[in-house]
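Notes for the one structure printed next.
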Amino acid sequence: MGNYTVAVIDFETTGLSPQCGDRTIEVGAVLVTHNQIVDRFQSLMNPKMTLSSFIEDYTGITNSMLTKAPDISSVMKKLKSFIAKYPLVAHNASFDARFLDAEFKRINQIRTNEFACSMLIARRLYQDAPNHKLETLVRYKRLTTDGVHHRALADAEMAAHLWIRMIADIKRDYSQSTVPFRVMQQLAMMQKKKVQDYLTTTP
DNA sequence: TGCCAGGCCCTCTTTAGGGCCTT
């Protein structure tokens, strides 16, 4: 893979939309350099609101776990320092970008990092997969996993393994020596039928 | 007042609708 670093990030939240008042309750992030996870960041956060039983069941994160957790603002400051200026990757990035931007806004910060979506790229590269949920793709590509799902660090690590695998597959299938972040971003935006031509002709 | 996501992507398409993906 390229000799650049990306930060793969995942949030657990109280719901689907920061616009509707939902907040982050856990973040996991890993740095990927040279095909490997080289650093990890994880923290629960206290959203100062009660989790629905759906979210408790879905994530395994309970209300009592969060009463002892640090404030969202203090975790966001540490997260900002961890991700620095690295390009960001998430599975269904529009979801994580919305929450990251909303929480940064509350501490008067602005994200300047670029974002790429592993789900949009996987839809183009792995058109035969049963579906493109993170969990399914991990099974489909037989990626390393500890079996934990819907927790932030475990999901960030799985998305990182998927990212590494997608770059390896592009290099192998299209004889590319490097796959710049810009190429991955481009893939996420293009028509499925044009992907092969694009990768074949990209120098 | 009451309701409440949103962006991508396919197709029975573009003067639209519905499934996928994230929690």
Side-chain angles (χ1 to χ4, degrees), chain A residues 6-30 42-66 69 72 75-76 79 83 88-106 111 113-141 143 145 148-163 165-166 184-198:
Chain A
V6 298
V8 186
I9 189 167
D10 183 74
F11 286 112
E12 306 305 315
T13 69
T14 62
L16 291 172
S17 173
Q19 300 270 20
C20 295
D22 287 316
R23 303 296 304 273
T24 54
I25 58 172
E26 187 183 37
V27 59
V30 300
Q42 181 274 336
S43 183
L44 291 171
M45 293 171 269
N46 186 347
K48 307 261 171 70
M49 56 191 280
T50 305
L51 294 185
S52 66
S53 56
F54 173 81
I55 295 296
E56 285 191 317
D57 292 344
Y58 187 81
T59 63
I61 297 168
T62 63
N63 281 293
S64 67
M65 288 163 71
L66 295 185
I72 296 176
V75 175
M76 284 298 145
L79 176 66
I83 64 178
L88 300 173
V89 173
H91 201 70
N92 198 12
S94 69
F95 175 86
D96 295 278
R98 272 200 302 279
F99 275 97
L100 181 64
D101 292 351
E103 296 296 2
F104 270 15
K105 190 175 180 185
R106 286 171 179 265
R111 167 181 62 89
N113 313 52
E114 296 181 279
F115 233 122
C117 178
S118 56
M119 182 192 76
L120 294 179
I121 299 167
R123 277 183 182 169
R124 287 157 176 78
L125 292 182
Y126 307 134
Q127 297 182 24
D128 293 337
N131 60 55
H132 299 87
K133 295 177 185 178
L134 182 57
E135 190 174 341
T136 303
L137 289 166
V138 164
R139 251 196 328 270
Y140 181 70
K141 299 301 291 183
L143 303 176
T145 169
V148 176
H149 295 290
H150 308 308
R151 285 300 299 267
L153 186 59
D155 283 3
E157 292 197 24
M158 287 191 291
H161 288 298
L162 175 61
W163 179 260
R165 179 56 168 270
M166 291 194 296
M184 297 295 270
Q185 279 185 309
Q186 202 63 39
L187 277 178
M189 295 189 297
M190 63 197 317
Q191 291 178 13
K192 277 183 188 173
K193 58 186 176 186
K194 293 188 175 172
V195 164
Q196 189 160 354
D197 277 352
Y198 174 72

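Per chain, numbering begins at 1; letters A, B, ... match sequence-line order. No hydrogens, no waters, no symmetry mates; every other heavy atom, side chains included, goes into these values.
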What's the CZ-C1' distance between A:F115 and B:dC8, to the nearest Å?
-> 16 Å
Contacts of A:T59 and A:S17 projected onto DNA chain B by closest heavy atom; the upstream (5') one is A:S17
Rounded to whole Å, the CZ-P distance (A:F95 to B:dG6) equals 12 Å
So, A:Q185 side chain and A:F115 main chain: donor-acceptor pair closer than 3.5 Å or not?
-> yes
Interatomic distance at C1', B:dT15 relative to B:dG19, whole Å = 22 Å
Could you work out which one of B:dA5, B:dC9, B:dT23 sits closest to the side chain of A:C20?
-> B:dA5
Counting any heavy atom closer than 4.0 Å, what does A:D57 reach on the DNA or RNA strands: base, sugar-phosphate only, or nothing?
-> nothing
Identify whether any heavy atom of A:N131 sits under 4.0 Å from a base atom; if not, whether one sits that close to sugar-phosphate; answer base, sugar-phosphate or nothing.
-> sugar-phosphate
With heavy atoms under 4.0 Å as the rule, sort A:I25 into base, sugar-phosphate or nothing.
-> nothing
Is there a donor-acceptor contact under 3.5 Å from the side chain of A:E103 to the main chain of A:L100?
-> no
Length of the line joining A:F54:CZ and B:dT22:P, which is rounded to integer Å = 12 Å
Give the nucleotide from the list B:dC8, B:dA5, B:dC21 with an atom nearest to the side chain of A:M119.
-> B:dC21
Figure out the CZ/P separation between A:F99 and B:dG6, and round it to whole Å.
-> 11 Å
So, does A:H91 use its side chain to make a donor-acceptor pair with the main chain of A:H132 at under 3.5 Å?
-> yes
Across the strands shown, which category fits A:D96 at heavy-atom distances under 4.0 angstrom: base, sugar-phosphate, nothing?
-> nothing
Could you give the CZ-to-C1' distance, from A:R98 to B:dC8, as a whole number of Å?
-> 12 Å
A:L120, nearest nucleotide to its side chain (from B:dT23, B:dC9, B:dC21) = B:dC9
Winner on side-chain proximity to A:R124, out of B:dC9, B:dT23, B:dA5, is B:dC9
For the side chain of A:H91, counting heavy atoms from C-beta on, which of B:dT23, B:dT22, B:dG7 is nearest?
-> B:dT22
Taking A:N63 for the side chain and A:L51 for the main chain, is one N or O donor matched with an acceptor at less than 3.5 Å?
-> yes
Rounding to a whole Å, what distance do you find between A:I9:CD1 and B:dT23:P?
-> 13 Å
Distance, rounded to the nearest Å, where A:L162 contributes CG and B:dT22 contributes P = 11 Å
What nucleotide among B:dA5, B:dT22, B:dC21 has an atom nearest to a side-chain atom of A:D10?
-> B:dT22
In whole Å, what is the span from the NZ atom of A:K192 to the C1' atom of B:dC9?
-> 7 Å
Does A:Q19 CD have over 12 foreign heavy atoms under 6.0 Å away?
-> no
Picking from B:dC8, B:dT22, B:dA5, which would you name as closest to the side chain of A:N92?
-> B:dT22
Is there a donor-acceptor pair closer than 3.5 Å between any side-chain N or O of A:R124 and the backbone N or O of A:M190?
-> yes
Short side-chain N/O contact from A:Q19 to OP1 or OP2 of B:dC4, under 4.0 Å = no
